[in-house]
Amino acid sequence: MRLGNRPLGFLVSFLLGVAWASIFVGAVSSFLLFYEETFFYALVSAFIAALPGIVSVLLLEYFITSKERLEELKKQTGLLEKLLRD
């Protein structure tokens, strides 16, 4: 877990796993459903079916990165305040 807050880190990790699973299930099921038509059509439909999961992964990774950045800025602020006091 990359997040320090245990319940929030668990929730975000769980949602990230769900998003990756939705990418896999959506792409594979759509590909197999439209494979009999044409291969190109099957690839395009697999990509379109995976898009919601891809967007979810990107949003969750952005959330994790912003929380990590906030924690790092808090540490830097604490160190700078300590330097100003000394």
Side-chain angles (χ1 to χ4, degrees):
M1 282 189 220
R2 292 185 283 180
L3 296 175
N5 189 357
R6 291 187 62 85
L8 180 63
F10 176 76
L11 178 66
V12 170
S13 294
F14 178 76
L15 290 176
L16 200 54
V18 169
W20 278 109
S22 71
I23 290 173
F24 180 73
V25 169
V28 170
S29 64
S30 180
F31 181 82
L32 293 176
L33 184 66
F34 292 107
Y35 183 68
E36 295 174 0
E37 306 275 331
T38 62
F39 184 72
F40 177 73
Y41 190 59
L43 284 177
V44 171
S45 66
F47 178 72
I48 290 172
L51 273 178
I54 292 171
V55 170
S56 300
V57 167
L58 289 175
L59 288 174
L60 287 167
E61 287 292 336
Y62 177 76
F63 176 75
I64 291 169
T65 305
S66 66
K67 291 292 279 185
E68 287 176 342
R69 186 180 311 139
L70 178 64
E71 292 300 319
E72 188 65 31
L73 286 173
K74 284 181 181 179
K75 283 194 274 187
Q76 289 177 4
T77 303
L79 290 173
L80 287 172
E81 287 175 349
K82 183 178 175 184
L83 276 174
L84 285 174
R85 277 183 271 150
D86 293 339

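Keep in mind the model is a prediction, meaning the values are calculated, not measured.
Counting heavy atoms of neighbouring residues, nucleotides and ligands inside a 6.0 Å radius, atom CD of Q76 exceeds 12 of them.
Every ring-ring contact (aromatic ring centres under 6.0 Å, His included) that F34 has, sequence neighbours left out, goes to Y41. Residues passing the side chain to side chain contact (heavy atoms under 4.5 Å, CB included) test with V28 are F24, L32, sequence neighbours excluded. Evaluation of the salt bridge (Lys or Arg N to Asp or Glu O under 4.0 Å) rule for E72 yields K75 as partners, not counting sequence neighbours. Legend: residues meeting ring-ring contact (aromatic ring centres under 6.0 Å, His included) with F39, ordered by chain and number and at least two apart, are F31. Remark: F47 engages no residue in a ring-ring contact (aromatic ring centres under 6.0 Å, His included) (not counting sequence neighbours).
The OG atom of S56 sits 7.5 Å away from atom CD1 of I23, with the distance rounded to the nearest 0.5 Å. In this structure, OG1 on T38 lies 8.5 Å from CG on L43, to the nearest 0.5 angstrom. Remark: L59 CG to I54 CD1 distance equals 12.0 Å, nearest 0.5 Å.
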Applying side-chain contact (heavy atoms from CB on, under 4.5 Å) to E71 and E68, what does each step give before you reach the verdict? CA-CA 5 Å; E71 292 300 319; E68 287 176 342; 5.8 Å; no
Test side-chain contact (heavy atoms from CB on, under 4.5 Å) on L8 and K67 and set out the steps. CA-CA 11 Å; L8 180 63; K67 291 292 279 185; 3.9 Å; yes
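Under a hydrophobic-cluster definition in which Ile, Leu, Val, Met, Phe, Trp and Tyr are linked whenever side-chain heavy atoms come within less than 4.5 Å, directly or via other members, W20 and I64 are assigned to the same cluster. With hydrophobic clusters built from ILVMFWY side chains whose heavy atoms lie under 4.5 angstrom apart, L58 shares a cluster with L11.
Summarising the geometry of S30 relative to A49, their closest heavy-atom pair is CB-CB, 3.6 Å, with the distance given to 0.1 Å.
A donor-acceptor pair under 3.5 Å is absent between the side-chain atoms of S13 and the main chain of F10, judged by distance alone.
In the hydrophobic clustering (ILVMFWY side chains linked at under 4.5 Å, chained through shared members), I48 is joined by F40, V44.
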